[in-house]
Structures are given as C-alpha cells and as structure tokens.
Amino acid sequence: MPVYKLMVNGKERKVDVADDTPLLWVLRDHLGLPGTKFGCGMGQCGACTIHLNGSAVKSCLLPVSAVGTSKVTTIEGLSAKGDHPLQLAWDEEDVPQCGYCQAGQIMTAAAFLARNPNPTEQQVMDAMHGNICRCGAYHRIRQGVLAAARKKKK
Amino acid sequence: MASVKDSRRSFIRNVALAGGGLMIGFRWDTVKAKMPSVIHAADTAAATFNSYLTVGTDGIVTIWSPNPELGQNIMTSFAQIVAEELDADWKKVRVLQAPLDTKRFDRQLTGGSGAIPHSWMRLRKAGASARHLLVAAAAKRWGVPASECTTELNTVHHKPSKRSLEYGALAEEAAGMTLPEEVKLKDKKDFKLIGRPLRNVANKDIVTGKGIYGIDFVREGMVYAMIQRPTAFGTRIKSVNDAKARSMPGIIDVVRFKNYVAVVGRSTWEVLKARKELVVEYESEGPALESTADHERLQKEMLDSDKLTVRRKNGDVAAAFAAAAKIVKAEYQSPFVVHSPMEPMNFFADVRTDGVELVGPTQTPGSARSQVSKLLGVPEDKITVQLTRLGGGFGRRLRNDYALEAAELSSIIKKPVKLIWTREDDMTGGIYRPSVRYRFEAALDAKGNMIGYKLRGAGVNADNSTREDNFPSGAVDNLLIESADHKSPITTGAWRAPTTNFLAYAEQAFLDEVALAAGKDPVQFRLELLDRARKKPVGAIKYNIDRMEGVIKTAAERSGWGKKKGVFQGFSVYFSHASYVAQVCEVAMKDGKPAVKKVYAVSDCGPIINESGARQQVMGAIVDGMGHAMYSRLSFREGRPQQTNYHQYRLIRMKEIPEVDVYFMSTDYDPTGLGEPALPPTGGAVANAFFRATGKRLYKQPFINDLGG
Ligand code: FES
Ligand code: FES
C-alpha cells in the first residue's frame with residue numbers, strides 16, 4: 001500500500017492506505033479527525049463536505065490518491081479558535097438540532113461565502129441545496145449563512 | 001410562592017463533595033415523592049442517589065443530564081429548569097451527559113415527548129433545594145434570618161446589611177445544612193431563565209467538529225465491522241462463500257451468526273470493500289415474499305372484511321348512516337418510510353470475561369443493557385452503557401438491534417468492536433414506519449351535522465393504526481372505529497409521532513372533505529364539533545376541549561383565515577403527546593404550479609422552557625412532516641426494499657421548505673412535550689391547501705406522485 005503525504009489543516013500528514021480509500025475515511029479512521037461526517041457515502045447528503053484548496057468537496061467520493069498536493073481543510077481546521085464567522089453565527093442563531101449534518105453545512109457555506117461574500121437568500125438556498133439536514137434545521141442554516149455574511153462585511 | 005409538602009423521606013439529599021462543595025443527591029425512583037427532605041444516616045447509601053447537581057467551591061454549577069440527547073435540546077432545557085430554581089448564573093453552569101444508571105435515574109430514555117413532563121417538578125425541586133441550602137448557609141454565617149436573604153446570579157444577598165456571598169464561597173457550608181420539610185418553588189411569573197432562548201449548550205462542540213457522536217468513538221485496539229444482512233425480508237442464508245472477502249487487505253475475520261455475515265477488519269473502508277466480495281445466497285423462509293402491490297391488495301381486503309377489531313363504538317352507526325341525507329367516503333394511504341437519522345446506526349461493544357462495555361447512540365440505554373444481558377447471559381450489573389450524542393433518532397434508536405449485533409459480534413471474536421451500518425444498511429435493514437390505509441365514512445343530516453362517523457384502519461405491522469379516543473371521538477353520536485393488521489416479515493417500529501404522523505393527515509384531510517360536503521367552513525366545522533363535545537359529550541373524552549379550541553381560534557386569527565387573496569389555505573389541528581397544535585398551510589401558484597409558501601403553527605404545550613429550542617422543534621417538525629408527506633416512500637419487490645440511498649429515497653431539502661410562523665399559547669398547564677406534536681398536523685394542512693389551489697384531493701403519500709415534479 002502506498003504512503004500518501006497529505007496537507008491537512010496546515011500540517012503534513014502521512015497515511016498508508018489503499019489508493020481508493022475515500023478521503024472521508026482517511027480523515028476519520030486514520031488521522032483522528034472525526035468532525036467530517038459519514039452520511040450516505042455517495043455524494044447525496046453533504047455531511048462529509050471538506051475544502052480542497054478552498055473549494056467545497058464531498059470527501060466520501062474523493063479517493064486519497066486524487067488529493068495530491070491540494071490543501072485539505074476540515075471543520076477542525078476551519079478556524080484556529082472556532083471563531084469563523086459561520087461558527088459564531090451558528091451559535092448565535094442557535095442552528096444545530098442533533099448537529100450531525102452541521103459540519104458539512106458549515107464547510108459548504110464557508111466555501112460559498114468565500115466566493116460570494118454578499119449573497120441573496122436565493123443564492124444561499126441554491127448553494128446549500130446539496131446538504132441534507134434530517135432534523136429540518138434549514139431555516140436557521142439559511143439564517144446562519146446570511147448572518148455570517150453580514151458579520152464578514154463588518 | 002408555590003410550595004409543596006410531602007412527608008416521604010429520601011427523595012433529595014445534600015452531601016459534601018470530596019473535593020469541597022455541595023452535591024444535591026436526587027432519588028428518581030421515589031416517583032410519588034413530592035418533596036425534598038432530610039436524609040437520615042441509615043438512608044445514605046450513596047448508590048441510591050445520583051450526583052445530580054453540584055455546586056463547586058469555585059461557584060461552577062454542574063448539572064447531569066440523564067436523557068439521551070438527539071437534537072431535542074434536552075441537555076439545555078433540563079439544566080435551564082434546575083438553574084432557574086437555583087438562581088444560578090447561566091455562565092457558570094456546566095452540563096454533563098450522564099451514563100446509564102438506573103439506580104440513580106428514572107426514565108432515562110428519549111421517546112414519546114415525555115422527558116419534560118416527567119421531570120419538570122423533579123428538576124425544579126432539585127434546584128430549589130440547593131438554593132435553600134445555600135441561603136441557609138449564608139444566613140447562618142451572617143446571623144440573620146434566611147427569610148431576609150435573596151438570591152440572584154449565583155449570589156446570596158442580605159439587602160438590609162448590604163452583604164452578599166457567592167455560591168462557591170457557601171458551597172461547603174451548605175452541604176452541612178438541613179433540608180426543610182418544604183421547599184419553596186418560584187412563582188412562574190418570577191422565572192428569569194425558563195422561557196428564555198438560551199443557546200444549545202453543545203453548539204461549540206458541534207461547530208468545531210468534536211467527536212461527540214457514537215460513530216466517532218474510538219478505543220485503542222478496537223476493530224471495525226459491518227454486517228451483511230438478508231437482502232429481502234422473509235429470507236435466510238442458504239450458503240456463504242467468504243473466500244475472497246477473507247483474502248482482502250485489512251480483513252481480520254469473517255463470522256457468521258444468526259442470519260448475518262460479519263466482516264471484521266482494521267478500518268471502515270477495508271471492511272466495506274471486503275463485504276462487497278461476500279457471495280451469500282439466500283432462500284425464502286417459507287411464506288411468499290411481499291411486494292408493495294401485495295400490501296395494497298391485502299389492505300383493501302382487510303378494509304372490506306368483517307374481521308376488524310373494534311376500538312371504539314358509540315351509538316348506532318348503521319342507523320345513522322341509513323338515516324343520512326349525505327354520506328362522504330374516502331380512503332387515504334401511506335407508504336412505509338425510513339427514519340434515516342443523519343448518523344447511521346453504529347455501536348461499540350467490548351465483551352470481556354469481567355464484563356461488557358457498550359458505547360453508542362441509543363434512545364433507550366436501559367433496554368440496550370437488559371437485552372444484551374439476556375442475549376449474552378451476563379448480569380446487568382456487569383454491563384455499562386455510555387451515552388453519546390445521537391445524530392438524530394426519530395424513533396429508530398428506540399430499538400437496539402444494532403447494539404445487540406455489536407455485543408454478539410464482540411463476544412464471538414473476543415475483541416472490542418465498532419459496528420457501523422452504511423446508509424444502504426439503514427434503508428434496507430428494517431424497522432420502518434408501517435404502511436397504512438384508512439377508510440373514512442361520515443353521515444350528515446340535512447342541516448350538515450355529522451351524525452355518524454366510521455374509521456377503519458388497515459396496516460402492515462401497524463398494530464392498532466387508529467387513535468380511537470382522539471377528536472372527533474366524543475363529538476359524534478354514532479361512531480365506530482376499527483382496525484386490522486397484517487403481520488409481515490418487514491420490520492416496523494415507532495417513527496416520530498407514531499401512528500398520528502400519518503393518521504392525523506388522513507383525518508384532517510377527511511374532515512375537510514366533510515366540512516365542504518356540509519357546506520361549512522373547515523374551521524367553523526371543527527369548532528362546532530368541539531362545542532358539541534363540550535355540551536353533550538359522547539362517551540369518554542380524552543382531549544381538552546378548551547385547549548383545542550384555543551389553538552384553532554388563534555391559528556385562524558394569526559393566519560388571517562379565509563381573508564387572504566392570492567393564497568390557498570388549508571387547516572389542520574391535532575392533539576398528540578399531550579400537546580395541541582393547529583396549523584394553517586398556504587399554497588400559492590409559482591410558475592403555474594402550486595407550491596407550499598407558508599405554514600402557521602400554534603401550539604399549546606404549557607409554558608415553554610427554552611424559546612429557541614421550542615421554535616426549532618416546531619420548525620423542524622413541520623419540515624419533517626411536510627417533507628415525508630411530499631416526497632418520501634419506501635417500496636418493496638419480493639421482500640426487497642427498492643430504495644437504497646438518498647438518490648432514490650427523497651428527503652426534503654432547503655429550497656423546498658416553507659416559511660414557518662411559530663406561536664405558542666401562554667397557558668398555565670404544566671409543560672408537555674414538543675418533539676413530536678407539531679409534526680402530525682402538517683400533512684393535513686398541506687393536503688387541504690393543495691386541494692383549495694387545485695381542486696384535487698391528495699389521498700396518497702407521497703404527494704409528489706400526484707402533484708408531478
Ligand atoms: S457522506 Fe458524502 S455526500 Fe453523504
Ligand atoms: S441538525 Fe440533525 S441532521 Fe441537521
């Protein structure tokens with residue numbers, strides 16, 4: 001099995017796994033980063049969303065061999081102190097119910113806001129449509145993204 | 001001030017903490033005890049008390065939350081109730097998830113929206129008792145009467161002498177004080193924390209990706225496992241060829257037990273890959289394998305048969321229908337649906353010779369333990385259950401099948417193991433909301449009064465698919481409610497708001513039809529029936545007429561019922577889990593097609609504990625209720641589930657949600673649950689609004705099949 005060198009949350013990490021291992025399981029089982037969640041394993045729910053060079057990617061479909069030198073960011077590395085505007089907004093708007101989908105929601109939203117810091121509500125809904133929240137916390141997820149956008153502007 | 005008195009001892013006690021400070025012990029098994037009291041030395045076997053609440057010398061108030069947390073926000077709202085009576089400074093409150101401990105806690109489970117009603121007084125007394133002791137300690141130190149002391153934000157004040165002391169500085173002395181015969185509870189009007197939208201205490205852990213869920217649990221030396229289960233209900237293993245799977249990298253073992261083949265390995269992915277290489281042949285257990293078409297036929301046959309079980313009977317329905325000026329008749333159908341909580345099933349088990357350790361997400365940890373005890377023949381006191389946060393439940397984790405699988409597997413391979421289900425396992429592995437078909441008939445007299453009402457429910461593993469004492473029972477002179485059930489190998493279980501999650505839609509949509517046939521406004525029609533039930537109740541009435549009337553009128557008012565242009569409104573009201581919820585759904589045309597725009601929800605569940613969490617529960621329940629009514633369906637072909645993951649099984653997503661207006665009645669009843677009651681009315685309100693918009697009745701879930709799109 002090949003050894004892969006990955007840049008995860010600003011640190012170089014080595015893993016020795018089969019080349020088809022999805023990044024999701026590398027993070028969870030081999031690198032001790034449980035924040036990225038397994039929901040469906042087939043790109044349908046967004047629970048496993050991470051950033052690859054700043055773009056939101058579903059890690060359940062991304063084989064470790066395809067990561068190369070790209071920078072991987074997970075929810076654990078989104079901010080040093082848990083104070084990314086989205087993380088703060090999530091608390092202020094009291095978004096989570098069970099919370100299981102929320103890391104994926106935040107990572108999707110973070111990549112989106114980086115590209116579009118001033119979104120309309122419709123754009124937020126289009127951007128977040130790929131993330132399922134089984135608890136139905138969609139209203140506050142939407143509010144949270146909009147609140148974070150306002151924070152960023154300040 | 002409200003106060004309670006009871007002579008029973010040993011309900012609450014205070015003891016000094018080893019590290020200094022006060023601990024309030026709370027005995028949950030003395031259910032009838034109304035009141036904290038002094039404990040005599042002989043009663044103080046520590047094991048019978050839980051360290052429910054402690055006040056440290058640093059002033060930190062630690063509150064244990066005994067119930068499984070699955071997003072209903074119990075950790076926050078429980079602590080909020082205790083902190084209220086304690087007059088704690090919320091910033092100094094810490095909440096900890098308690099492990100399973102049936103000696104110390106009572107009703108340590110999540111289901112039936114029952115936690116708050118069960119614990120409301122207990123939690124208040126725990127907080128009030130601690131406060132009493134802290135005040136007594138301060139009064140003693142100052143040599144003043146306790147009655148002159150007041151409390152606020154973790155501090156005792158003696159205003160006349162302008163002295164104050166923080167709880168931390170009093171904690172040790174408080175532990176030596178005597179609990180009184182009677183503890184004063186606050187007047188509700190003095191509540192400072194209860195009712196406030198305090199944020200979820202777990203937010204920070206959630207948004208920073210802490211491994212707080214069962215699926216995140218790891219233990220040095222553990223192995224990973226997945227199980228191949230029969231692909232069709234009603235089949236069993238005929239043969240297994242595991243040669244290829246065994247030869248795959250990272251695979252430690254392949255074991256067969258019951259109807260399972262378990263693949264055990266070093267990592268999730270290796271196990272997942274190897275499981276695909278198993279060659280397992282199945283054979284029928286005997287009876288014909290069932291398809292959805294069979295269920296439809298069976299349900300019709302049951303509805304037409306004369307072998308239904310009578311659930312409630314008032315008056316003479318045959319005579320009423322014979323005398324009717326008009327008869328309305330309709331049938332409503334619901335499919336199987338999956339709970340599919342976002343976190344797939346998983347459990348950790350370590351079965352050793354000296355005991356069993358279980359860790360994972362379950363709504364019923366006590367039953368997990370007793371079932372494992374029975375399965376493995378290990379006494380319960382040798383089994384521990386650690387509760388993790390649940391990534392949703394919706395009733396699925398009331399069953400512990402996956403915990404039992406993990407325990408049995410660990411006992412076979414003699415290793416600590418984490419068992420994981422994939423999403424496909426979750427969708428195809430059983431325990432669904434049962435499929436039901438209802439037949440309703442109503443008899444109207446010439447004036448449009450409902451003089452007869454008949455309901456027949458035919459389910460597949462649905463048990464009694466009716467709620468025979470719910471409205472309109474009690475308001476109709478001649479009424480007959482019956483049910484029949486087909487026993488199927490397809491496993492079913494409680495799904496958020498069991499039975500009513502579908503029955504309410506059917507009943508409320510049918511009542512809309514009846515109102516129309518009677519030439520009455522749907523809201524007025526319901527109010528007339530309630531008035532009837534009040535003035536001339538027929539048989540037992542198990543709902544509160546005033547409360548139901550209250551939510552109906554308020555919902556009509558808030559939504560501008562019948563007064564709006566450009567939107568089509570549908571009405572619905574339901575009583576379940578001791579709470580009352582009325583909803584008005586608004587459908588508007590968008591690009592020539594009807595779409596749900598808004599849902600008004602008015603709930604009466606007594607006082608709200610946490611305003612933010614409560615609103616969230618209602619919004620979530622409406623999204624859930626509407627989502628499943630609109631989009632979700634699990635069908636079968638020869639025992640095999642036809643939808644295996646979210647690409648085939650549709651869940652509601654962000655762009656499909658309506659606006660929601662949440663309103664709570666302020667009533668003086670004790671609080672009742674809110675995790676479920678806002679869900680049942682939604683399907684009916686939505687169906688009725690679609691009818692107004694399109695003239696088409698939606699008789700079958702999911703609606704999307706009839707609406708197109
Ligand atoms: S787990 Fe990757 S999209 Fe669902
Ligand atoms: S908060 Fe539970 S799935 Fe989104």
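Naming: A, B, ... by sequence-line order, numbering from 1 per chain.
Between B/Gly391 and A/Cys98, the shortest heavy-atom distance links the atoms C-SG, 3.5 Å. The shortest non-hydrogen separation linking B/Gly211 to A/Pro34 is CA-CG, 3.6 Å. The nearest pair of heavy atoms linking B/Pro344 to A/Gly39 is CG-O, 4.1 Å.
Note that OH of A/Tyr100 is 6.5 Å distant from CG of B/Asp216, once rounded to the nearest 0.5 Å. Atom NZ of residue A/Lys37 and atom OH of residue B/Tyr213 lie 6.5 Å apart, to the nearest 0.5 angstrom. The SG atom of A/Cys101 sits 9.5 Å away from atom CD1 of B/Ile206, with the distance rounded to the nearest 0.5 Å. Here B/Leu651 contributes atom CG and A/Gln44 contributes atom CD; the two are 10.0 Å apart, rounded to the nearest 0.5 Å. A/Met42 CE to B/Arg423 CZ: the interatomic distance, rounded to the nearest 0.5 Å, is 12.0 Å. One finds the CG atom of A/Leu24 at 9.5 Å from the CH2 atom of B/Trp269 (value rounded to the nearest 0.5 Å).
With a 4.5 angstrom heavy-atom cutoff, A/Gln102 touches chain B only via side-chain atoms. Looking at A/Trp90, both its backbone and its side chain come within 4.5 Å of chain B, counting heavy atoms on both sides. With a 4.5 Å cut-off on non-hydrogen atoms, B/Ile622 does not touch chain A at all. In this structure, no portion of A/Val26 lies under 4.5 Å from any heavy atom of chain B.
Contact tally against chain A (heavy-atom pairs below 4.5 Å) for B/Lys204, B/Lys210, B/Arg496, B/Glu659: the top residue is B/Lys204. Looking only at heavy-atom pairs under 4.5 Å with chain B, the residue among A/Gly32, A/Gly35, A/Gly99 that has the most is A/Gly99. Counting heavy-atom pairs under 4.5 Å between each of A/Arg28, A/Glu93, A/Met128, A/Gln105 and chain B puts A/Arg28 at the top. The residue among A/Leu88, A/Val124, A/Ile75, A/Leu78 with the most heavy atom pairs within less than 4.5 Å of chain B is A/Ile75.
Enclosure of atom NZ in A/Lys71 is not indicated, since only 12 or fewer non-hydrogen atoms of other residues, nucleotides or ligands lie within 6.0 angstrom. Heavy-atom contacts from other residues, nucleotides or ligands closer than 6.0 Å to NZ of A/Lys5 number 12 or fewer.
Side-chain contact check for A/Cys135 versus B/Met619: every heavy-atom pair is 4.5 Å or farther apart. Between A/Gln97 and B/Asn73, every side-chain heavy-atom pair lies at or beyond the 4.5 Å cut-off. Looking at A/Cys45 and B/Met342, their side chains come closer than 4.5 Å, going by heavy atoms from C-beta outward. Residues A/Tyr138 and B/Val623 form a side-chain contact, since some pair of their non-hydrogen atoms from C-beta on lies under 4.5 Å apart. With contacts defined as side-chain heavy-atom distances shorter than 4.5 Å, the pair A/Arg142/B/Ile657 qualifies. Counting heavy atoms from C-beta outward, A/Glu92 and B/Arg199 have side chains that approach closer than 4.5 Å. The shortest side-chain heavy-atom distance between A/Phe38 and B/Glu343 does not fall under the 4.5 Å cut-off. With contacts defined as side-chain heavy-atom distances shorter than 4.5 Å, the pair A/Cys40/B/Tyr649 does not qualify.
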Under the side-chain hydrogen bond (donor to acceptor under 3.5 Å, both in side chains) rule, what do B/Ser612 and A/Arg140 come out as? Steps first, then yes or no, please. CA-CA 11 Å; B/Ser612 174; A/Arg140 289 198 180 162; 3.0 Å; yes
Salt bridge (charged side-chain N to carboxylate O under 4.0 Å, His left out) evaluation trace for A/Asp94 with B/Arg615: CA-CA 11 Å; A/Asp94 208 14; B/Arg615 297 180 75 83; over 6 Å; no
Check against side-chain hydrogen bond (donor to acceptor under 3.5 Å, both in side chains), B/Thr268 and A/Asp29: CA-CA 7 Å; B/Thr268 314; A/Asp29 286 358; 2.5 Å; yes
Is there a side chain to side chain contact (heavy atoms under 4.5 Å, CB included) between B/Val660 and A/His139 once you walk through the steps? CA-CA 9 Å; B/Val660 176; A/His139 294 93; 3.6 Å; yes
One pair to check against side chain to side chain contact (heavy atoms under 4.5 Å, CB included): B/Asp624 and A/Arg134. What are the steps and the verdict? CA-CA 8 Å; B/Asp624 193 355; A/Arg134 174 65 181 86; 3.1 Å; yes
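Residue B/Met654 forms a side chain to side chain contact (heavy atoms under 4.5 Å, CB included) with just one option from A/Asp126, A/Asn131, A/Ile141, A/Ile132, and that option is A/Ile141.
A donor-acceptor pair under 3.5 Å is absent between the side-chain atoms of A/His30 and the main chain of B/Ser267, judged by distance alone. A donor-acceptor pair under 3.5 Å is formed between the side chain of B/Arg653 and the backbone N or O of A/His129. For A/Gln87 (side chain) and B/Val207 (main-chain N/O), a donor-acceptor pair under 3.5 Å exists by modelled atom type.
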